[in-house]
Amino acid sequence: MMNSEFVLELISVFHTGPVEPGSCVQKLVGNVPTGVILKDVSLEVHGGELMAVLGSKGSGKRALLEVISRRAQGPTRGQILLNHVPMSLRLFQDSCGYVTHKTQLLEGLTAKQTLEYAAKLSLSSKIGSSLRANRVRQVLADLALSQVANRSVDLLTPSEYRRLVIGVQLIKDPLVLLLDEPAWGLDPLNTYFVISILSNHAKKYNRIILVTMEKPRSDIMPFLDRVSYLCLGDVVYTGSTRLMIDYFRSIGFPCPELENPLMYYLCLSTVDRRSRERFIDSNNQIAALVEKFKLEGGPYRKYSGPPPDMDHSEHKVPLSAYGRPSVFSAMTAIFGRSFTMMSPCSYMGIQQLFFRLLMLPAFFFLLWNFYWEIEDYQRSFQSRGGLIFNCVAGTAYLATAATSKTFAQHRTRYYHEAREGLYRGPLFITTYNLFSLPVSYINVMAASAIVFFGLGLGDTAVQGPDWMGWLIFGSVLWAVWAFVEQQTVALMMVVKSSYSAAAASIALTTFYLLVASATLRSLVGLPDWLYYLSHVIVYRYVAAVLHEQTFLDKLPNLPVNATAVCPDNNAEYGCRYRNGTYYLLERYHFPQNGLDLGRQDLDLWSNFGLSFAFFGGMLTLNLILYLVPLPAFIKSKFRD
């Protein structure tokens, strides 16, 4: 009989952690009420075994998985050994896997693409592309997903989706796989299917699998090699499933006929809270069961060896032993995955394309349709000012909408993968920007061309279309888009709801526009404190560039009618502005005809550069934010 090569051991593990959710202030100051969650937990699992950790809500099942994975908040005492080596966070990330209760996959990918990119992010390039491809095909086959390999993730059934989530962890061939409620929300047939697949994987590859379950069915009992019952952090029983019934019968609790033994002994290990008297009685009974197992449970913990027919021929050495991919390989994988998500072959891909490449041009087309009759007459000054404001505001608001809609999936997936140690925040945000910024630049430049050339903003009588003017016009609008995108990304780092983050970003943008756009209100009339406040707002410089480009020394001496011209500003003929420069004098401070009030607002290239400086500053801030560790309670809401 072959001996097991791998063993996971917990020896007298105690863990203290938060026992109440706590308020936001309590979480920030680290004053959340804590208590003992796990009490003297000792168990062992060997290669080729599937163990179920059973218990009611609050029994400590999830805390046990968090302690094993070295993710638990709070102090832990005792030993956790993998092959007699103390379990560290790095060891767990390298050799183990954890499937959380709720895991969000990227919906723009197919099942096969999801596993392919998981392999690129978790397996070393030393393995080779052919072995990675074989591994993807093998996992698809083992999880019965080959028939839906090319189906989009958002079209999978709950059972298929759950199996794919498991496959993302299995792709790296972990020695130990932890699963928190893998069958939650599945019907009995699919629960049986998932547990049977996990049992087959453990025996086929000689791996260790732990699952938590709250409502186990009797039909999965043959697949469970070991079972552990927890109640309020205490171990009521842990050991062989085959010997469980014998143990409880020996201490006076035989399982009645036609009863589900797993549920019967789970109820026996659960505190009855229906009344104070029942709580006391059941709590005393469970305390006696815990002490009884400590005294007599030793023989049931022993490892009896694998069945004679167990085959350990496949994958004795885990693929994770080859190391991790390089930083460049990880960046390439994340970049390629983002690009693949824009494929029009799926609904989510079409949605990504619309928000990233079509929404803003569609809005600018509406602007062109609304302003297409704009002419070089006196009445067009206000219309052109309104056009500039709509271009700036529309770009800002639509950047918020596009970012909140498209970034959420990437953000949440990052929090899962970063916890697995696949890559860190700066690499993620840098790669995302390398993908997103060029796409958004193409988007904004195409949209700005509709207005700039469609309305003749760049036409000159001698030279024709002003291509340089279009580059300035579009680029400065892209600075707005990029700034707002980074602003929204920063908010979504701590705000889970896309709608809440978008609402906050829109509120900030609205305030900025009201103060500094120089279209809704003139900078000339602002009080000093508000005028100088506008210097720290990007829209002040963007609007200044667009206003100067559109009006300075342009639209001169335009006729009101066939017989009247404007000899001077505010002349008797009803002309409010003699030319575009006079219009700017009402909006901005700058030297003109000897008039200098000590404020210089219009300098095309300075304002152009400062527009991009704000974007660069926000980009740098995001890099810093993704480098600084966040409080655990913020990260946990994206993972659980």
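A donor atom on one side chain and an acceptor atom on the other are not found under 3.5 Å apart for Tyr432 and Asn622. Residues Ser505 and Gln487 have side chains that bring a donor and an acceptor to within less than 3.5 angstrom of each other. At a cut-off of 3.5 Å, with distance as the only test, a side-chain donor of Glu420 or Gln169 sits close to an acceptor on the other residue. Looking at Ser196 and Ser199, their side chains never bring a donor and an acceptor atom within 3.5 Å of each other. Between the side chains of Gln486 and Asn433, at least one donor N or O lies within less than 3.5 Å of an accepting N or O. In the model, Thr431 has no side-chain atom that pairs as donor or acceptor with a side-chain atom of Tyr423 under 3.5 Å. In this model, no donor atom of one side chain and acceptor atom of the other lie less than 3.5 Å apart for Asn150 and Thr110. Residues Gln113 and Thr340 bring no donor and acceptor atom of their side chains to less than 3.5 Å of each other. In summary, the side chains of Thr103 and Thr100 do present a donor paired with an acceptor at a separation below 3.5 Å, with no hydrogens or angles considered. Defined by atom type and a distance below 3.5 Å, a donor-acceptor pair is missing between the side-chain atoms of Glu107 and Tyr347. One side chain, Asp142 or Gln138, offers a donor N or O that lies under 3.5 Å from an acceptor on the other.
Rounded to the nearest 0.5 angstrom, Thr16 OG1 and Gln73 CD are separated by 13.0 Å. Taking CZ from Arg162 and CD1 from Ile197, the interatomic distance works out to 13.0 Å, rounded to the nearest 0.5 Å. How far CD1 of Ile442 is from CZ of Arg356: 12.0 Å, rounded to the nearest 0.5 Å. To the nearest 0.5 angstrom, Ser159 atom OG is 7.5 Å from Asp187 atom CG. Rounding to the nearest 0.5 angstrom, the gap separating the CE atom in Met51 from the CG atom in Leu224 is 10.0 Å. The distance from atom CG of Leu398 to atom CD of Glu485, rounded to the nearest 0.5 Å, is 13.0 Å.
Within 6.0 Å of CZ on Phe612 lie more than 12 heavy atoms contributed by other residues, nucleotides or ligands.
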Apply ring-ring contact (aromatic ring centres under 6.0 Å, His included) to residues Trp481 and Tyr441 and explain how you reach the verdict. CA-CA 9 Å; Trp481 179 287; Tyr441 187 77; over 10 Å; no
Let me see the working for Leu8 and Leu81 under side chain to side chain contact (heavy atoms under 4.5 Å, CB included), right down to the final yes or no. CA-CA 6 Å; Leu8 174 68; Leu81 306 175; over 6 Å; no
What's the verdict on side chain to side chain contact (heavy atoms under 4.5 Å, CB included) for Met87 and Arg70, showing C-alpha distance, side-chain angles and the deciding distance? CA-CA 8 Å; Met87 181 74 78; Arg70 315 309 287 176; 3.9 Å; yes
If you apply the rule side chain to side chain contact (heavy atoms under 4.5 Å, CB included), what do you find for Asp180 with Val99, and how did you get there? CA-CA 6 Å; Asp180 186 18; Val99 181; over 6 Å; no
Dump the intermediate steps for ring-ring contact (aromatic ring centres under 6.0 Å, His included) on Tyr414 and His410, then the final yes or no. CA-CA 6 Å; Tyr414 152 72; His410 298 277; over 10 Å; no
Show, in sequence, the C-alpha distance, side-chain angles and deciding distance for Ile220 and Met213, and conclude whether the side chain to side chain contact (heavy atoms under 4.5 Å, CB included) test is met. CA-CA 11 Å; Ile220 68 168; Met213 301 190 75; 3.5 Å; yes
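Looking at every heavy atom in both residues, Ala501 comes nearest to Val495 through N-CG1, 3.8 Å. Across all non-hydrogen atoms, the minimal contact from Trp478 to Ser440 is NE1-OG, 2.8 Å. Closest heavy-atom contact between Lys120 and Ala333: CB-CB, 3.8 Å. Contact between Met492 and Ser498 at its shortest, heavy atoms only, is CE-OG, 3.8 Å. Minimum heavy-atom separation, Leu186 to Thr191: O-OG1, 3.5 Å. Among all heavy-atom pairs drawn from Ala502 and Thr400, the shortest one is O-CG2, 3.6 Å.
Using modelled atom types, no side-chain atom of Ser124 and backbone atom of Ile127 make a donor-acceptor pair closer than 3.5 Å. When atom types are taken as modelled, the side chain of Thr430 and the backbone of Leu427 share no donor-acceptor pair closer than 3.5 angstrom. A distance-only check finds no donor-acceptor pair linking the side chain of Ser329 to the backbone of Pro325 [under 3.5 Å]. Of the possible polar contacts, none joining the Ser152 side chain to the Leu155 backbone as a donor-acceptor pair under 3.5 Å is found. Using modelled atom types, no side-chain atom of Arg419 and backbone atom of Glu417 make a donor-acceptor pair closer than 3.5 Å. A distance-only check finds a donor-acceptor pair linking the side chain of Tyr117 to the backbone of Gly336 [under 3.5 Å]. For Ser59 (side chain) and Ser56 (main-chain N/O), a donor-acceptor pair under 3.5 Å exists by modelled atom type. The backbone N or O of Ala479 sits nowhere less than 3.5 Å from a side-chain atom of Ser611 that would complete a donor-acceptor pair. Using a distance-only test at 3.5 Å, with no hydrogens or angles considered, a donor-acceptor pair links the side chain of Arg135 to the main chain of Ile171.
Counting heavy atoms from C-beta on, the side chains of Leu170 and His201 come closer than 4.5 Å. Residues Leu106 and Val153 are not in side-chain contact: their nearest non-hydrogen atoms beyond the backbone lie 4.5 Å or more apart. Using a 4.5 Å heavy-atom cutoff, the side chains of Tyr397 and Leu513 are in contact. Side-chain contact between Lys61 and Leu54 is absent, with no heavy-atom pair separated by less than 4.5 Å. At a threshold of 4.5 Å between non-hydrogen side-chain atoms, the residues Thr114 and Leu164 count as touching. With contacts defined as side-chain heavy-atom distances shorter than 4.5 Å, the pair Arg424/Tyr626 does not qualify. Between Arg163 and Glu160, some side-chain heavy-atom pair lies under the 4.5 Å cut-off. A heavy-atom distance below 4.5 Å is found between the side chains of Arg226 and His46.
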